[in-house]
There are 2 protein chains.
Amino acid sequence: MEDKINALIEKGVVPTTQRLIVFQYLKGSKTHPTADNIYNALKKRHPIFSRATVYNTLFIFKEAGIIQELTLDKKEVHYDPNPVPHHHFYCKVCKDILNIDIECSVAKKRDIHGHKVEDVQSTFYGVCKRCLKNEQ
Amino acid sequence: MEDKINALIEKGVVPTTQRLIVFQYLKGSKTHPTADNIYNALKKRHPIFSRATVYNTLFIFKEAGIIQELTLDKKEVHYDPNPVPHHHFYCKVCKDILNIDIECSVAKKRDIHGHKVEDVQSTFYGVCKRCLKNEQ
DNA sequence: CTCTAACATTAGAATTATTCTAAAACAATA
DNA sequence: TATTGTTTTAGAATAATTCTAATGTTAGAG
């Protein structure tokens, strides 16, 4: 727990109880949850937990560079516990979001035609391997 | 007008009056309008025009490959009159969406780690050239 | 330790982009 | 012209997110 508190402090985030719970949940997650996913998961264990706090916390974490916001789904925002930009694959069938590890020099640029790049999002949309197999 | 009608027919879209109006608006646009932008622009000239029709039409056009849906803004969906995937730059300051013409082999892939790719969206977020200049 | 000011959390209301609904209008064809 | 399927419409419904104002918590100064 001590290490989590320090992780938040190092990023300039006041380590409140709620923020630590959200932080722990995110870092233990291998998926790309939505605010609602997080709210519902935490609500079970901690009945007094507000939606607004989840949204506020995610905003704070994103600003601090602790997590990454993914706007690849037009319905809702997803969050990636890994703040380092990387490619994603969004399956239209099962709605799963997969991390794609691929070398890409374009995505590393910090300057494009004179515009200052701060973030990058690269998403492939289609049908994932597993759903392709099930379709047959 | 005849050529626009044919363009829709060729893509398998029934060329109704409303669809032609939306098509004309989009193809004459150099920006990346939202459904609401389109609705408001058309409403002025054609008072009897429903929001639902704009949404339906954009959906039909997207499915037909006439336009491209951009989910790069968490607030609302933008539409690109150009259906060919290309990179975009989203300015956090002026909220402008710019087309980025850059060679990228990764974005051309139709198969990633066994997943079937149908669409790609690559977006850079930051501050555009113009806003950088104004900031000084 | 205690006070205080700044900050964080809460429940629920408000907002707003998008989708749904059911009726009316229209198009195409026989 | 009648029929059938498709499209459009206005407005209601939905749902993700943000706002609000009251309450609770934190951390640093004294």
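Chain letters run A, B, ... following the sequence lines, proteins first, then strands; residues in each count from 1.
With the nearest nucleotide of DNA chain C identified for both B:Thr34 and A:Phe49, A:Phe49 has the one nearer the 5' end.
Rounded to whole Å, atom P of C:dT18 lies 10 Å from atom CG of B:Asn37. Rounded to an integer number of Å, the gap from B:Arg51 CZ to C:dT19 P is 13 Å. A:Ile38 has its CD1 atom 14 Å from the C1' atom of D:dA16, to the nearest Å. Between the CG atom of A:Asn56 and the P atom of C:dG12 there is a distance of 17 Å, given to the nearest Å. Here the C1' atom of nucleotide D:dT18 and the OH atom of A:Tyr39 are 15 Å apart, to the nearest Å. A:Ile9 has its CD1 atom 13 Å from the P atom of C:dA8, to the nearest Å. Distance OH (A:Tyr55) to P (D:dT18): 7 Å, rounded to an integer number of Å. One interatomic measurement links the two molecules: CG of B:Asp36 to C1' of C:dA17, which rounds to 8 Å at whole-angstrom precision.
A distance of 8.5 Å separates NZ in B:Lys43 from CZ in B:Arg51, rounded to the nearest 0.5 Å. From B:Ile38, atom CD1 reaches atom OG of B:Ser29 across 7.5 Å, with rounding to the nearest 0.5 Å. Taken from OH in B:Tyr79 to CG in B:Leu58, the straight-line distance is 5.0 Å, to the nearest 0.5 Å. Between the CG atom of A:Leu98 and the CZ atom of A:Phe124 there is a distance of 12.0 Å, given to the nearest 0.5 Å. Rounding to the nearest 0.5 Å places CG of A:Asp119 at 11.0 Å from OG1 of B:Thr123.
For A:Thr34 and A:Asn37, the side-chain atoms include at least one donor-acceptor pair closer than 3.5 Å. B:Asn99 and B:His32 form a side-chain donor-acceptor contact under 3.5 Å, judged by distance and modelled atom types alone. Counting only N and O atoms by type, the side chains of B:His88 and B:Asp80 include a donor and acceptor under 3.5 Å apart.
Residues B:Lys4 and B:Pro15 form no side-chain contact, since every pair of their non-hydrogen atoms from C-beta on lies 4.5 Å or further apart.
Other residues, nucleotides and ligands place more than 12 heavy atoms under 6.0 Å from the NZ atom of B:Lys62.
No donor-acceptor pair under 3.5 Å is formed between the side chain of B:Lys116 and the backbone N or O of B:Asp111.
Contacts of residues 10-32 of chain B with DNA chain D (heavy atom under 4.0 Å): B:Val14, B:Thr16, B:Gln18, B:Arg19. Of the residues in residues 62-80 of chain A, those lying under 4.0 Å from DNA chain D by heavy-atom distance are A:Lys75, A:Glu76, A:Val77.
For the helix from C:dC1-D:dG30 to C:dA30-D:dT1, the end axes, each set by the C1' atoms of five terminal pairs, are bent relative to each other by 20° (nearest 10°).
Close to C:dT10, at under 4.0 Å from its OP1 or OP2, lies a side-chain N or O of A:Thr53.
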